[in-house]
Amino acid sequence: MSAARRAELLRLELELANRSRTAGEPGAHIAAEFVEFGSSGRTHTRADVVAWLAGPPEEPFTLTEFRDRELAPDVVLVTYRAERRTSEGTVHSSMRSSIWKWSESRWQMVFHQGTAT
């Protein structure tokens, strides 16, 4: 995979994780058929995530161990560790994976999973 594509997917993951408004409209990069298995154990739909994205920012996540694997032309699996330190000093860490597809002239996330560590 090209370094530019990897950098773009990393940027999108960071923007979504941190509710950044630079990604455009909340949900612009979330596919209609999106599903998420959250680290809480709950399943989320596109509507759930779009509502969450519209909320206020929280403490920012940092992403490490970012890896990508092309599953098919224009379909990519990314995996990484996400960490967030709360204002109280507690660190929340999870392993995450997302599947992205190139559709409608942009990357769209079709699946996401977070597993608390």
Side-chain angles (χ1 to χ4, degrees):
M1 175 178 304
S2 75
R5 182 184 285 184
R6 181 177 300 113
E8 182 176 7
L9 291 172
L10 174 58
R11 178 185 62 80
L12 289 169
E13 288 282 355
L14 272 168
E15 288 179 357
L16 291 170
N18 293 318
R19 294 183 184 168
S20 173
R21 299 304 184 248
T22 60
E25 285 294 313
H29 292 280
I30 306 298
E33 67 273 23
F34 175 84
V35 66
E36 174 180 350
F37 300 139
S39 58
S40 65
R42 297 174 63 199
T43 300
H44 303 280
T45 65
R46 181 182 192 283
D48 297 331
V49 172
V50 170
W52 178 82
L53 287 170
E58 299 170 340
E59 291 88 355
F61 277 101
T62 57
L63 307 185
T64 59
E65 303 173 35
F66 190 84
R67 292 182 176 81
D68 57 278
R69 175 185 285 176
E70 190 169 67
L71 300 177
D74 295 328
V75 177
V76 179
L77 167 68
V78 299
T79 59
Y80 56 92
R81 177 180 300 278
E83 291 187 343
R84 174 191 318 211
R85 183 175 302 275
T86 67
S87 56
E88 296 83 29
T90 304
V91 176
H92 296 278
S93 179
S94 57
M95 294 302 297
R96 302 200 173 193
S97 60
S98 302
I99 297 176
W100 292 85
K101 71 174 180 177
W102 182 258
S103 179
E104 301 176 17
S105 301
R106 66 180 180 267
W107 285 106
Q108 294 186 337
M109 185 185 289
V110 296
F111 174 80
H112 183 74
Q113 180 171 354
T115 304
T117 57

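Numbering of residues begins at 1 and proceeds along the displayed sequence. Note that these values count all heavy atoms, side chains included, but never hydrogens, waters or copies made by symmetry.
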**Asked** Distance from Gln113 atom CD to Phe37 atom CZ, nearest 0.5 Å?
**Response** 7.0 Å
**Prompt:** Charged N to carboxylate O below 4.0 Å: is that the case for Glu58 and Arg19?
**Reply:** yes
**Fill in**
Of all heavy-atom pairs linking Ala28 and Gln108, the shortest is O-NE2, 4.1 Å
**Message:** If I take atom CZ from residue Arg106 and atom CH2 from residue Trp100, how far apart are they, to the nearest 0.5 angstrom?
**Reply:** 10.5 Å
**Asked** Do Leu77 and Val110 share a hydrophobic cluster (ILVMFWY, side-chain heavy atoms under 4.5 Å, transitive)?
**Response** yes
**Item:** Same cluster (ILVMFWY, side-chain, under 4.5 Å), Val50 and Val35
**Value:** no
**Message:** Within the structure provided, determine whether Trp52 and His44 are in side-chain contact (heavy-atom separation under 4.5 Å).
**Reply:** no
**Asked** Shortest non-hydrogen contact from Phe66 to Glu13?
**Response** CE1-CG, 4.2 Å
**Message:** How long is the straight-line distance from CG of Leu53 back to CG of Asn18, given to the nearest 0.5 Å?
**Reply:** 11.0 Å
**Prompt:** Any sub-3.5 Å donor-acceptor pair from Asp74's side-chain atoms to Lys101's backbone N or O?
**Reply:** no
**Asked** Can you tell me how far OG of Ser103 sits from CD of Glu33, rounded to the nearest 0.5 angstrom?
**Response** 7.5 Å
**Nearest-0.5 Å distance that lies between atom CE in Met109 and atom NE2 in His29** = 10.0 Å
**Prompt:** Is there a side-chain contact between Ser97 and Phe111 (heavy atoms, below 4.5 Å)?
**Reply:** yes
**Message:** Checking the side chain of His112 only, and the main-chain atoms of Glu36 only, is there a donor and an acceptor separated by less than 3.5 Å?
**Reply:** no
**Asked** For the residue pair Ser39 and Ala116, what are the closest heavy atoms and their distance?
**Response** CB-N, 3.8 Å
**Asked** Is Arg96 reaching over with its side chain to a backbone N or O of Ala82, donor-acceptor style, under 3.5 angstrom?
**Response** no
**Message:** Can a donor-acceptor pair be found, under 3.5 Å and without considering hydrogens, that links the side chain of Arg67 to the backbone of Glu65?
**Reply:** yes
**Main-chain N/O of Asp68 paired to Arg6 side chain as donor or acceptor, under 3.5 Å** = no
**Message:** We want to know whether Thr86 and Glu88 form a side-chain donor-acceptor pair, criterion being a heavy-atom distance below 3.5 angstrom.
**Reply:** yes
**Prompt:** Any chain of hydrophobic side-chain contacts (each under 4.5 Å) joining Met95 to Leu63?
**Reply:** no
**Request:** Taking the side chain as every heavy atom from C-beta outward, state whether Ile30 and Leu16 have any pair of such atoms under 4.5 Å apart.
**Result:** yes
**Prompt:** Charged N to carboxylate O below 4.0 Å: is that the case for Arg5 and Glu70?
**Reply:** yes
**Message:** Measuring only between side-chain heavy atoms, which start at C-beta, is Glu59 closer than 4.5 Å to Arg85?
**Reply:** no
**Item:** Polar side-chain atom of Ser93 near backbone of Thr117 as donor-acceptor pair, under 3.5 Å
**Value:** no
